[in-house]
Colleague: 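After the structure tokens below, expect a handful of questions from me.
Residue numbering restarts at 1 for every chain, and letters A, B, ... go by the order of the sequence lines.
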Amino acid sequence: MPPAYDPGAVEEKWYGYWEENKFFHARVDPEKEPFCIVMPPPNVTGQLHMGHALDNTLQDILTRWRRMQGYNALWLPGTDHAGIATQAKVEEQLAKEGRSKYELGRDKFLERVWQWKEQYGGRITHQLRKLGSSCDWDRERFTMDRGCSQAVLEVFVRLYEKGLIYRDYYITNWCPKCHTTISDIEVEHLDKPGHFYFIKYPVKDSDEFLAIATTRPETMLGDVAVAVHPDDRRYAHLVGKTLILPVADREIPVIADEYVDPEFGTGAVKITPAHDPNDFEVGQRHSLPQLQVINRDAVMTEEAGRYRGLDRWECRRQLVKELDARGYLIKVDDHNHAVGHCYRCSTVIEPMLSKQWFVRMKPLAEPAIQAAKDGQVRFVPERFTKIYLNWMENIRDWCISRQLWWGHRIPVWYCADCGEVIVTKTPPDKCVKCGGTGLEQDPDVLDTWFSSGLWPFSTLGWPDKTVELAHYYPTSVLVTGRDIIFFWVARMIFSGLAFMDQVPFREVFIHGLVLDALGRKMSKSLGNGVDPIDVIESHGADSLRFMLVTGNTPGNDLRFHFERLDGARNFANKIWNASRFTIMNLSDFTPGPEPRGEVLTLADRWIRSRFQEVAEEVTRNLDRYELGEAARILYEFTWNEFCDWYIELAKPRLYGRDRDDRYTAQYILADTLRGTLELLHPFMPFITEDIWQRLPHRGQTVMKAPWPVPVEEYRDIPAEEQMDVLMEIIRAVRHIRSEMNVPPGKKADIVLLVIDNGTRSLVEKWVGYVETLTAGRVTIVPSLAEAPEQAAHAVTRAAEIYVPLKGLIDIDRESARLAKEVSVLDRDLAKIRGKLSNEGFLSKAPEDVVEKERAKEAELSGKKKAIEDRLKMLGR
RNA sequence: GGGUGCAUAGCUCAGGGGGAGAGCACUACCUUGACACGGUAGGGGUCGUAGGUUCAAAUCCUACUGCACCCA
């Protein structure tokens, strides 16, 4: 084995081995308890980013862990057709050829997109493999494959038949660049510095003016009224009067509506139903006309009169100038406000009137609210329940039609002859009403999230009644980022309830975002993204995974620091070398009978006992989704206990002449290491497999090794306490050596004064530990007639330590060191004695806490006395 | 405007009612036959501020300040 771990070769080798042997494949087995995760499908033509890396690492850890625990574990992968993003990419490609999708026509264009999908669709799944994802590739799905498309048709038709899908002329968010409507949650509100324009609207046949305030003056060309609050005394006399709209010179009414906030602006609001969602609703309440002054390219329409043909921003500039020149502009204030942007292209959204398809949300949301409230679906961390509920309870109808070509085409046909609307899964050849053949399918496609909302059951075979669906639905847990709770999680929940009568997953494990080192979101425009594939190539997939999962708590964001990545790589290397040591010393080892009883050394009993606790703690933390905590426990056990102590103490036994003792050491070493690798496997699948295969083992792969379960019989509290005693002595001696600048190579004489007989026999039995780990020669005595003057001194719970250092001791320095110890002890003692003299503490604190304080007091005061005696002896 | 999270060592972050933790960085020593991607020892924090609950608060509660995010 090479002295440093080289992930490159190892990773490819083992992933191939796993995949070829179908270890990821889950067969339905009614005898075994199912565990199922459906992968949040990444964009089929996208590439892996850190968010994916985190999300899939977490899923893989859970899946590998449950699989080892014996569950029938299925992690179902797949990709998403990502309507806008994919279509935009292909359009870009066409543009480079100097062509447009219109030139090609719909069918040819779609052929191109499918070609693109074939070409790039494998990229991200290939990258997921590099990460080590143990998903069942035999069951890989795509939101536009036949099954998923069938599910989409089924759902659309059923919802339509239930009256939950309708088509309406409505105001929606229009992206002038993507040329499609987008849903409310696809709009990103960004605070932008802007202006608040105060404009006078003259009252007809009067000298009076009504002042309004707006952030979008260009929309005034489409104003059809001005609204004030019904209780607003300032304007009560104007309600019902007519205003003359400046510039346009149209007459518009003053109306009263509760929607108006009298405190905001002037308390009078211009109403533009065609270009503002709130105004739209006001307009409906008051039966106002809808005047469209901005078109789909965000250019002013004919209705804008002189301003027609101008871009919306240019129109604003010129119009404000005119208002000012003609005396209508009162003032312009600076004003920061949230402006809606397209989440895909960041263009400012234009609220636009158009005919669209909607899902009626209220009836669907109700059971979805109930499900979260009574725990059918549980969020981890819990606080996300509130965020989910808040959104669900205030939900608005969902606009599902998109003016795109790439996606699930809406299964609706219109009869040219009689106008009949036909909603059906199979394309009709004639009108069901008039028999006419002039049928035309709705040109729009469905929102991508419409199909991904069905993902947990469409991928398991729905609408067919498959065995997979019966076995794995509801799935166990959904793992996803907190940024798509609304987009996706919510939609899966109400869809699942609507079509499966059960929640799609019992738990939702939410994680944060991966930020850059400065705490900024990683984004293409900032160029601050770190490519997981680069990281895997430089540091290995295991290091990336370990780094992503540690030092982080569920739901919180995580900053990406290369230093932490180095730390994870160093840990992998530490594992590698501990294993290298073990394997090098196992050449003549074949596992035979388990060593029992007296042949076990204290260190053997200790490490084995500690391992049981670690197995228990790791499992407990995985159970509560504290993956970072589980990883931390393994890190500390491996490094600080197994490597730093157990391996060091095993060395003399491995090199010694006692064959039985060597065998015992080999046995415990191999056993503990193998167990540790098994616990580490879900986190670091590659390195653990590579080493596990080199150790004595049973089975084809660590992936299918049984998850370590704590063995009560191996728990050994006395051994742990005794090891503590010895470790404390060893640390104290090392401390002295270091303080006194004793060269590491030099053997030092050590005198241990151990008064208690039981403790003394313990220390006598395992004195070798002290000698090995301190490079010392130890003498143990029950009493000291005369303590050596030329010696450094320390006190532990069990022993007083003297390290004679003839000629090396500076009495002044040693005294000063001891005096400092005393002052530290005094400080601690004062705190403890304060507690112990507190009546309330003694009567109200639990007994074991009081007892602990008493014991501590005794220990520290004993220690203090010993040091003071020593100081006295040194003549201070 | 409403909501959520965060504030702990120089940096990044765990922890969470009874002795302040880790990694990195820092200091000193060490090329010891697993590992310098290493070892040993060490320095460093009134746990954001102010109240409250409690025998006991970094931890629970309230308010405030600052930062981040979400929603309107």
Colleague: Between A22(B), U12(B), U40(B), which nucleotide has the shortest distance from any of its atoms to the side chain of Glu636(A)?
Modeller: A22(B)
Colleague: Please determine, for the side chain of Phe486(A), which listed nucleotide (G18(B), C35(B), C71(B)) has the closest atom?
Modeller: C71(B)
Colleague: All N/O contacts under 3.5 Å from nucleotides 3-7 of chain B to the protein, with atom names and distances to one decimal?
Modeller:
from	atom 1	to	atom 2	distance (Å)
U4(B)	OP1	Lys386(A)	NZ	2.7

Colleague: Does OP1 or OP2 of G42(B) have a side-chain N or O of His735(A) closer than 4.0 Å?
Modeller: yes
Colleague: Return the value, rounded to whole Å, for the distance between atom CG of Asp483(A) and atom P of A68(B).
Modeller: 19 Å
Colleague: Start at the 5' end of RNA chain B and walk down; is the nucleotide closest to Ile730(A) or to Gly519(A) reached first?
Modeller: Ile730(A)
Colleague: Any strand is fair game: report the nucleotide pairing with A34(B) by Watson-Crick or G-U wobble, both distances under 3.5 Å, or none.
Modeller: none
Colleague: CZ of Phe841(A) versus P of U54(B): gap in Å, rounded?
Modeller: 17 Å
Colleague: Return the nucleotide paired to C69(B): Watson-Crick means purine N1 to pyrimidine N3 with N6-O4 or O6-N4, wobble means G-U with N1-O2 and O6-N3, both under 3.5 Å.
Modeller: G3(B)
Colleague: Base, sugar-phosphate, or nothing: which does Tyr5(A) touch, judged by heavy atoms less than 4.0 Å apart?
Modeller: nothing
Colleague: What does Pro743(A) touch in the nucleic acid at a heavy-atom separation under 4.0 angstrom: a base, only the sugar-phosphate, or nothing?
Modeller: nothing
Colleague: How would you label the contact of Asp557(A) with the nucleic acid (heavy atoms, under 4.0 Å): base, sugar-phosphate, or nothing?
Modeller: nothing
Colleague: Using a cut-off of less than 4.0 Å, is there contact between a side-chain N or O of Arg632(A) and OP1 or OP2 of A14(B)?
Modeller: no
Colleague: Going from CD1 on Ile607(A) to CG on Leu669(A), what distance comes out if it is rounded to the nearest 0.5 angstrom?
Modeller: 9.5 Å
Colleague: Can you identify which nucleotide, out of C69(B), U12(B), A20(B), has its nearest atom closest to the Arg564(A) side chain?
Modeller: U12(B)
Colleague: For a quick check under 3.5 Å, do Asp566(A) and His539(A) share a side-chain donor-acceptor pair by atom type?
Modeller: yes
Colleague: OP1 or OP2 of C35(B) sitting under 4.0 Å from any side-chain N/O of Arg580(A)?
Modeller: yes
Colleague: Does a donor on one side chain and an acceptor on the other come within less than 3.5 Å for Tyr667(A) and Asp604(A)?
Modeller: no
Colleague: What's the spacing between Ile171(A) CD1 and Asp279(A) CG if we round to 0.5 Å?
Modeller: 8.0 Å
Colleague: The side chain of Arg559(A) lies closest to which of these nucleotides: U12(B), G19(B), C70(B)?
Modeller: U12(B)
Colleague: Examine the base of A34(B) for any acceptor or donor lying under 3.5 Å from a partner atom in the side chain of Lys651(A), and report the outcome as yes or no.
Modeller: yes
Colleague: Could you pull out the closest heavy-atom pair between Ala572(A) and Ser543(A), with the gap in Å?
Modeller: CB-OG, 4.3 Å
Colleague: Find the distance between CZ (Phe546(A)) and CG (Leu565(A)) and round it off to the nearest 0.5 Å.
Modeller: 12.0 Å
Colleague: Should A20(B) form a Watson-Crick or G-U wobble pair with both distances under 3.5 Å, which nucleotide is its partner?
Modeller: none
Colleague: Would you mind pulling out the nucleotide paired to C47(B), Watson-Crick or G-U wobble, both distances under 3.5 Å?
Modeller: none
Colleague: Against Leu680(A), only a single residue in Phe571(A), Trp692(A), Phe637(A) fulfils side-chain contact (heavy atoms from CB on, under 4.5 Å); can you say which?
Modeller: Phe571(A)
Colleague: Sort out the partner of C26(B) for me: Watson-Crick or G-U wobble, both distances under 3.5 Å, none otherwise.
Modeller: G42(B)
Colleague: Is the distance from OP1 or OP2 of A56(B) to the nearest side-chain N or O of Lys831(A) less than 4.0 Å?
Modeller: no
Colleague: Between Tyr635(A) and G21(B), does any side-chain N or O lie under 4.0 Å from OP1 or OP2?
Modeller: no
Colleague: Specify the residue among Pro554(A) and Ala517(A) whose closest nucleotide of RNA chain B lies further upstream toward the 5′ end.
Modeller: Ala517(A)
Colleague: Under 6.0 Å from the CZ atom of Arg396(A), do we count more than 12 heavy atoms belonging to anything else shown?
Modeller: no
Colleague: Given 3.5 Å as the limit, does a donor-acceptor pair link the side chain of Glu853(A) with the main chain of Leu836(A), or not?
Modeller: no
Colleague: I'd like to know if Glu648(A) reaches the base of A34(B) with its side chain such that a donor and an acceptor end up less than 3.5 angstrom apart.
Modeller: yes
Colleague: At under 4.0 Å, does any side-chain N or O of Lys574(A) touch on OP1 or OP2 of C35(B)?
Modeller: no
Colleague: Students often get this wrong, so: under 4.0 angstrom with heavy atoms, is Arg482(A) touching a base, only sugar-phosphate, or nothing?
Modeller: sugar-phosphate
Colleague: Rounded to the nearest 0.5 Å, how far does CG of Asn741(A) lie from CD1 of Ile736(A)?
Modeller: 13.0 Å
Colleague: With a cut-off of less than 4.0 Å, is there a side-chain N or O of Trp639(A) near OP1 or OP2 of A34(B)?
Modeller: no
Colleague: Report which part of the nucleic acid Glu853(A) touches: base, sugar-phosphate, or nothing (heavy-atom distance under 4.0 Å, all strands).
Modeller: sugar-phosphate
Colleague: Categorize Glu629(A) for me: base, sugar-phosphate, or nothing, with a 4.0 angstrom heavy-atom threshold over every strand shown.
Modeller: sugar-phosphate
Colleague: Can you tell me which nucleotide in A34(B), G19(B), C70(B) comes closest to the side chain of Lys835(A)?
Modeller: G19(B)
Colleague: Indicate whether OP1 or OP2 belonging to G38(B) is found under 4.0 Å from a side-chain N or O atom of Asn570(A).
Modeller: yes
Colleague: Just to be sure I understand the rule, does Arg734(A) reach a base, reach only the sugar-phosphate, or reach nothing, if contact means heavy atoms closer than 4.0 Å?
Modeller: sugar-phosphate
Colleague: Within the structure, does a side-chain N or O atom of Thr550(A) lie under 4.0 Å from either OP1 or OP2 of G23(B)?
Modeller: no
Colleague: Using a 4.0 Å heavy-atom cut-off across all strands, classify Ile832(A) as base, sugar-phosphate, or nothing.
Modeller: nothing
